[in-house]
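Throughout, residue positions are numbered sequentially from 1 according to the sequence presented.
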Amino acid sequence: MSQHPVIPSRRRRTRVAGILPALLASAATTALTGCTPIVNMQAAPEATDVSCAELSVRLPDEVAEQAQRETDAQGTAAWGDPASVLLRCGVPPIGPTTDRCVSVDGIDWVIDESDPPRYLFTTFGRTPAVEVLVDNDVVSGTTVISDLSTAVSVIPAEGACTSVDDALPVD
């Protein structure tokens with residue numbers, strides 16, 4: 001797994017600040033109801049994109065040894081009981097950021113580590129983007145994104161993470 005920082009963006013933190021509470025609230029609601037088999041989630045703006053449908057039919061039954069759960073929104077998926085992995089396809093692609101970027105199985109992921117132990121992984125260089133919220137107290141984020149890489153790879157890469165060193169001119 002290689003790590004690459006990417007160039008700064010203020011938009012990233014604002015977007016995560018709005019999405020993270022919604023995802024956490026839906027997971028908490030599901031966890032509190034206990035007997036409700038369906039995980040309540042909110043569809044991303046571009047969840048109807050054909051790439052999200054292609055991704056959805058390729059999602060694994062298990063992620064990080066957590067069984068897949070039924071969700072109530074298009075382009076979403078969840079694993080674990082209570083849900084410890086939440087996926088949304090169709091989120092806007094992220095721009096340059098200083099958040100850590102990792103490449104796992106050919107997929108670049110930007111990691112928002114601002115709310116541990118919950119980490120938000122968002123694909124970089126793919127449209128529409130996919131975001132995965134992981135409860136790191138339950139599952140390993142690296143295992144989760146590795147388990148999802150085959151499904152995510154149906155969305156073609158249009159770019160990749162680069163480091164500041166890659167952007168500097170060579171003397």
Expected output: side-chain Arg88 to main-chain Gln42 donor-acceptor under 3.5 Å = yes

task = Measure from the side-chain N and O atoms of Arg69 to the backbone N and O of Val39, and report whether any donor-acceptor pair falls under 3.5 Å.
result = no

message = Does atom CD (Glu54) have a neighbourhood of more than 12 heavy atoms from anything else shown, all under 6.0 Å?
response = yes

Gln68 atom CD, neighbour heavy-atom count above 12 within 6.0 Å = yes

Within residues 39-73 or reaching into it, pairs that qualify as disulfide (SG to SG under 2.5 Å) - sequence neighbours excluded = Cys52-Cys89

request  = Scan Val85, Val102, Thr123 and name whichever one has a side chain to side chain contact (heavy atoms under 4.5 Å, CB included) with Ile145.
outcome  = Val102

Do you know which two heavy atoms are closest between [X] and [Y], and how far apart they sit?
X     : Y      : answer
Asp99 : Thr97  : N-OG1, 3.1 Å
Ala67 : Glu62  : CA-CG, 4.2 Å
Met41 : Ala77  : SD-O, 3.8 Å
Pro93 : Arg126 : CB-O, 4.0 Å
Ala43 : Ala73  : N-CB, 3.6 Å

remark   = side-chain hydrogen bond (donor to acceptor under 3.5 Å, both in side chains) pairs touching residues 71-80, sequence neighbours excluded, are Thr71-Thr76

query = Quick one: does Val63's side chain get under 4.5 Å of Leu148's, heavy atoms only?
reply = yes

Could you give the distance from [atom1] ([X]) to [atom2] ([Y]), rounded to the nearest 0.5 Å?
X      : Y      : atom1 : atom2 : answer
Phe121 : Asp112 : CZ    : CG    : 10.0 Å
Thr162 : Asp108 : OG1   : CG    : 9.5 Å
Leu55  : Leu87  : CG    : CG    : 6.0 Å
Ser103 : Trp109 : OG    : CH2   : 11.0 Å
Asp147 : Asp61  : CG    : CG    : 11.5 Å

So, using side-chain hydrogen bond (donor to acceptor under 3.5 Å, both in side chains) as the criterion, who are the partners of [X] when residues are at least two apart?
X      : result
Ser153 : none
Asp105 : Ser146, Ser149
Asp49  : Ser51
Thr127 : Glu158

Working for side-chain contact (heavy atoms from CB on, under 4.5 Å), residues Val134 and Val139 = CA-CA 7 Å; Val134 174; Val139 296; 3.4 Å; yes

request  = Determine, stepwise, if the pair Ile94 / Glu131 fulfils side-chain contact (heavy atoms from CB on, under 4.5 Å).
outcome  = CA-CA 10 Å; Ile94 58 174; Glu131 66 183 13; over 6 Å; no

